[in-house]
Amino acid sequence: MSDLQFWEYFFIIGSILTYICWGFVFAIQALLLMHGRPEAVEWLKGRYSYKSFRREMVAFMPMIYLFYILLEIVPGIIGLESAVIKFSPGELLERATEVLK
């Protein structure tokens with residue numbers, strides 16, 4: 001393996017791992033925002049403007065859906081959660097708009 005190949009792999013794998021890690025954090029916080037948790041509201045106010053939140057929401061939409069399925073749908077199916085909230089990207093943007101403006 002040459003030095004060039006090493007750096008190519010380094011940046012590709014680093015980008016993938018960064019997407020997964022930050023996507024995990026963003027998805028969890030987005031779902032907490034959907035539930036109206038004050039911690040998520042504080043996190044949103046301290047970190048984002050409306051445009052930056054919308055940009056990251058679009059970028060991490062697959063992660064948000066994955067965690068919605070894992071944390072909302074699956075517990076509802078197996079009976080651990082009685083009420084499953086309905087997720088819609090429009091509603092998430094509305095909540096972010098209310099908090100940020």
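Keep in mind that this is a model prediction, so the values were computed, not measured.
- Listed by first then second residue, pairs satisfying salt bridge (charged side-chain N to carboxylate O under 4.0 Å, His left out) with a partner in residues 82-101 read Glu91-Arg95, not counting sequence neighbours.
- Note on residues 11-36: no pairs pass salt bridge (charged side-chain N to carboxylate O under 4.0 Å, His left out), not counting sequence neighbours.
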Show the atom names and distances, to 0.1 Å, of all donor-acceptor pairs under 3.5 Å that link a side chain in residues 24-33 to residues at least two apart or in another chain.
none

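- In this structure, the separation between CD1 on Ile69 and CZ on Phe87 is 10.5 Å, given to the nearest 0.5 Å.
- Residues passing the side chain to side chain donor-acceptor pair (under 3.5 Å) test with Thr97: none are found, sequence neighbours excluded.
- The salt bridge (charged side-chain N to carboxylate O under 4.0 Å, His left out) pairs that include a residue from residues 28-50 are Arg37-Glu39, where partners are two or more places apart or lie in different chains.
- For the side chain to side chain contact (heavy atoms under 4.5 Å, CB included) test, residues two or more places apart in sequence or in another chain that qualify with Leu93 are Tyr50, Phe53, Arg54, Met57.
- To the nearest 0.5 Å, atoms CE (Met61) and CG (Leu66) are separated by 13.0 Å.
- When all heavy atoms of Ile85 and Glu72 are compared, the closest pair comes out as N-OE1, 3.7 Å.
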With a 3.5 Å cut-off and sequence neighbours excluded, list the donor-acceptor pairs that the side chains of residues 9-19 form with protein atoms.
unit_1, atom_1, unit_2, atom_2, d
Ser15, OG, Phe11, O, 2.7
Thr18, OG1, Gly14, O, 2.7
Tyr19, OH, Ala59, O, 2.9

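- Residue pairs meeting the side-chain hydrogen bond (donor to acceptor under 3.5 Å, both in side chains) criterion with at least one member in residues 56-67, sequence neighbours excluded, are Trp22-Glu56, Tyr48-Glu56.
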